[in-house]
Amino acid sequence: MERIEGLEAALPAMVPWRVTAGRGVDWTALEAALGTALPSDFRSLAEAYPVLVVDDFLIVSSPAPGAEALWGSACREDEILQDLYEMGDTEHYVPYPRPGGLISWAESNCGDSFYWRTTPADPDAWPVVVRTDNGEWFEFPVGAVEFLAGVYGRTIDVPGMPRDFPADRPQVLGLPDRAD
């Protein structure tokens, strides 16, 4: 499993947004609301970074301290994915909390969605699934951090993405946690 430092090496513009003391996410509350544990690489990323927006294109989700139950609930109630499933537009994928269902962890401003497929039982073995804005589905046998490091390190190609993705020198904006 890729460590955060590998992602930071591939995407150095994210480093200024690192919260060195940790963000203090209540993982017990979040996972109780969601109904499952989450991959350790994502937990490390979410402890170190707020929501990240890369090149005003890719938004990497991160639960805000104090709003963990809301984040977990939103993941369980992914209305867009549910609608796609009901229309038969998810290939063989199903929404979480169905067994092996998809949980969203990132999205693009063009309608691409990035998920974990929640099988096998060990969250650290969950693959990344991408649904492009063209309705194509692709699965990658890596976790979220390794996926991002691969995309920005140019060792993973995601078919269907814009020609300029990823940019040669991606810019990153960290969105501060809201206190309300």
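Residue indices begin at 1 and follow the sequence shown. The basis for the numbers below is simple: all heavy atoms, side chains too, and nothing from hydrogens, waters or symmetry mates.
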Checklist entry - What is the distance from atom CG of L84 to atom OG1 of T90, rounded to the nearest 0.5 Å? => result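 OG1 of T90 is found 7.0 Å from CG of L84.
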
Item to check | Spacing of E68 atom CD and S73 atom OG [to the nearest 0.5 Å] | outcome: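 The OG atom of S73 is 13.0 Å from CD of E68, to the nearest 0.5 Å.
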
Partner residues of [X] under the salt bridge (Lys or Arg N to Asp or Glu O under 4.0 Å) criterion, sequence neighbours left out:
X: D89; result: R131
X: R76; result: none
X: R18; result: E8
X: D168; result: R154

Next on the checklist: Looking at every non-hydrogen atom in both residues, tell me the closest pair between W116 and A144 and how far apart they are.
Outcome noted: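 Minimum heavy-atom separation between W116 and A144: NE1-CB, 3.9 Å.
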
Item to check | Exercise: identify the closest heavy-atom pair between G24 and P65 | outcome: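 Here G24 and P65 meet closest at O-CB, 3.8 Å.
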
Item to check | Other cluster members, V129 - Ile/Leu/Val/Met/Phe/Trp/Tyr, side-chain contacts below 4.5 Å | outcome: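 Grouped by the 4.5 Å side-chain rule, L81, Y93, L102, Y115, W137 form the rest of the cluster around V129.
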
Item to check | Expected output: side-chain R23 to main-chain Y49 donor-acceptor under 3.5 Å | outcome: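 Present.
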
Checklist entry - Got P95 and D78 here, is their nearest side-chain heavy-atom distance under 4.5 Å? => result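 In short, these two side chains do not touch, never coming nearer than 4.5 Å.
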
Item to check | Check: V25 and E47 side chains under 4.5 Å, non-hydrogen atoms | outcome: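 Touching, per the 4.5 Å side-chain cut-off.
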
Item to check | Sequence neighbours excluded - ring-ring contact (aromatic ring centres under 6.0 Å, His included) pairs with any residue from residues 4-34 | outcome: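 For residues 4-34, and leaving out neighbouring residues, there are no ring-ring contact (aromatic ring centres under 6.0 Å, His included) pairs at all.
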
Checklist entry - Would W71 and S62 count as having a side-chain donor-acceptor pair, cut-off 3.5 Å? => result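 Distance-only check fails for W71 and S62.
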
